[in-house]
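Encoded as structure tokens, the structure appears first; notes follow it.
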Amino acid sequence: MANLLANLNERQLAAVTLPPQHALILAGAGSGKTRVLTTRIAWLIQTGQVSPHGVLAVTFTNKAAREMMTRLSAMLPINTRGMWIGTFHGLCNRLLRAHHRDAALPQTFQILDSADQLAAIKRLLKALNVDDEKYPPRNLQFFINGAKDEGLRAKDVEVVDDYNRRFVELYAAYDAQCQREGVVDFAELLLRSHELLERNEPLREHYRNRFRHILVDEFQDTNALQYKWLKQLTGPGNALFAVGDDDQSIYAFRGANVGNMAAFEREFRVANLIKLEQNYRSHGNILDCANHLIRQNASRLGKELWTDAGSGEPVRVHEAVTDSQEAQWLIEEARGLIGEGYLRSDVAVLYRSNAQSRVLEHALFSAGIPYRVYGGLRFFERAEVKHALGYLRLMENPNDDTAFLRVVNFPVRGIGARSIEQLQDAARAANLSLYAAVHVVRGAAAAKLGGFVGLIERLRTETASLALPEAVEHVVERSGLITHYQSEREGQDRIDNLRELVNAAAAFLSEQGIGLDVPANLGVSAPAAAPAGAAGTGTSATHDAATAAVGGVAAADTVAGAAVIDADAMPRTTPLASFLAHASLESGDNQAGEGTDALQLMTVHAAKGLEFDAVFITGLEEGLFPHENSVTEVAGLEEERRLMYVAITRARKRLYLSFSQTRMLHGQTRYSLKSRFIDELPEPTLKWLTPRTGLVGGGFDGRRGGWGGSGAWGARDAGYAAGGPASAGGAASGGVRSADARLAARFDRGLSWRIGQSVAHSRFGEGVIINIEGSGADARVQVNFGREGVKWLALSVAKLEAVG
DNA sequence: TCGGTTCAGAGTATT
DNA sequence: TCTGAACCGA
């Protein structure tokens, strides 16, 4: 045990060895959060306080879950495979598979990813003849997921007006459709699981008895339903160990509720609040910046990072004139880093929004510097892979209309829109799935549709005795997908991906240890013999939607008084069903040259949890970072600030901050002020690589009564007339200006006002002119005042002063 | 059924 | 400016 706890600092040690009570660990960036979490589990097991079987550990991403299991295996000689360590969705899936009857689901229920869900919604709207201009599918999807994340069924949603009532009705119809088809969306996994445990007390008690220790990672990211789910599993005899960092809460937009941290502390009377503030990642100056910045946030629990690593290098700040010049400078700087011995893969380039990557990529590509962009299509989201999965899904669950429509005519087999509409009408009339309705259809379409059903049936029988990878291979071949892509010009990549899917199936099989036994159940209620209702292929799974959808189904498996059967004792679902669930729950890597030594480009969001020797935070401009959509509300601005905090704390040794006076956005040149976040950093830690102007296009010199530079608007001249830029960004296309802007530049009141000029206003403070209209007495200018917003001002009225 | 054209919209994203 | 989705004509 000594070695388990060795090298933990005092706070970490305290957290790891807390008595079995509720605890909230405020874990700052780089403070050893994952280490504490995993060591806590190992310590509990090693000291005999709990068996591996009695631990429930929840994360948000598969990556985090995997890391936890890997680290745990390294600490203890146990098989983590059978432990309940996983994502909220993964664990709920496991629960629902085991108790599918109680949950009123077919055992082979399929999981819809976001794209599938949207397709299902579009189909629903079409079937119900809903005007999708008035009720955009995306909005409905957002509405449904939002409600589910709050734990609300359609019947629970408060109707505020007629428009909203329609959404609620469509929500109910959507749920009914899913139920009919035997599919669940992501949010449904949680909601259904919650409802299951809510109405089935013996089951709830069983799992409460089993999972004495519940541990949650990234608690600040939990939404309302996830918190409810955790509360539900936490009875008087359970200990909930929550680890999180309110300062790194950056997912409010997808339902995360930081308030859950404070709520947890209050509702559970948390006596053990431990702050992990010693940082093992970054040098002092970087942490000073982070601390100083985040201190401007009013709503936070409070925490201050420190390090004994010394202050290190200053934080470098660079001002560029154009976005491409910013990229050019970055390239020079990155070359320097590489020259100093930095690995490219230890250098990250961060930006607020994906669109910003283009300029950077363009410059990097031209410069021949290898780079890797995070994000983008994941393996299981690729069209060809989804097609193959569509066949497999349909074999497993013929009621899955989404899968049916995806592959019924792909590869093309002469089943056109007419035939499908005919089939949809027939299905609706008979309240059957499309698959089941095929035999009802008459006429020309009947033969071809029948042929398709025949194909699926054949695939099912042919693969019945095959192992999973062979079955997948068989389907990939016999579905006609391979042949189809062979005839396509750029089909080879797709064929490779289909082959890769076969490998993925093999890898899945060995990872899951399917066919092997689950680890021994230690201590908890002895499993009864074979439970009822484990057979069946799912064809018979059409439930009564009206009752099932609202969770009113009586528990079938769990009769009062009878022994509750633990999920681990339930027979496993078929390997294919497990694999399909895996494919939905883990969308896979984005396969972009993982191993190569390349510069790492990503959004700040994507960088959360990662760390690099050197980090560039680019595009630090008002309107971009903080994003303009967030600055009008305090909560939004504070989240942006946390995002900046996350960005800063990614850096180990060297941190660069850069911004540009102008940027091409939505096809127009935008003029910006530097981000307020730069002003919120402690001056002494900063080293300006360019003259510290802070204002945009600072070429106007009020004292001289004219423009700096040549008189024609030239960003390069204007920006650095005084000091000269450190970078050799000569290639940058400074001075680009639209014809409109050129026309708009006018003279007024004897002074020259021009786009890009810095001005001061008595009430709004400093800003920059971004547009000019009219002339003479009618002249108006549009000024970006940064935090005061963008205003139109009539020059005849407003008292504007030029700032030089 | 495909391919070219038009049009709106452009923040972040895991499962 | 650029992208993706919807739409229309052959």
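Computed from a predicted model, the values in this text were never measured in an experiment.
- Residue contacts shown for K608(A) are absent, as no nucleic acid heavy atom lies under 4.0 Å away.
- Every side-chain contact (heavy atoms from CB on, under 4.5 Å) that S584(A) has, sequence neighbours left out, goes to I111(A).
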Worksheet, complete the sentence: In 5'-to-3' order, the base (B), backbone-only (S) or no-contact (-) status of each nucleotide in nucleotides 8-15 of chain B, using a 4.0 angstrom heavy-atom cut-off, is --BBBBBB
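- For D116(A), the salt bridge (Lys or Arg N to Asp or Glu O under 4.0 Å) partners are K386(A), R393(A), not counting sequence neighbours.
- A donor-acceptor contact closer than 3.5 angstrom is absent between the side chains of E396(A) and T108(A).
- Separating the C1' atom of dG11(B) from that of dA6(C) is a span of 24 Å, rounded to the nearest Å.
- On the nucleic acid side, DNA chain C contacts chain A at distances under 4.0 Å to non-hydrogen atoms, with the end points of that region at dT1(C) to dA6(C).
- Partners of F579(A) according to the ring pair (Phe, Tyr, Trp, His ring centres under 6.0 Å) rule, which considers only residues two or more places apart in sequence or in another chain, are F508(A).
- Every residue meeting the side-chain contact (heavy atoms from CB on, under 4.5 Å) condition with E421(A), not counting sequence neighbours, appears here in chain and number order: Q424(A).
- For Y251(A), the ring pair (Phe, Tyr, Trp, His ring centres under 6.0 Å) criterion is met by F253(A), H605(A), not counting sequence neighbours.
- dT3(C) and dT14(B) are spaced 24 Å apart, taking the C1' atom of each and rounding to whole Å.
- With sequence neighbours left out, F625(A) forms a ring pair (Phe, Tyr, Trp, His ring centres under 6.0 Å) with F677(A).
- Sorted by first and then second residue, the ring pair (Phe, Tyr, Trp, His ring centres under 6.0 Å) pairs involving residues 107-143 of chain A (not counting sequence neighbours) are Y135(A)-Y163(A), Y135(A)-F167(A), F143(A)-F167(A).
- Residue contacts for N223(A): at a heavy-atom cut-off of 4.0 Å it reaches no nucleic acid atom on any strand shown.
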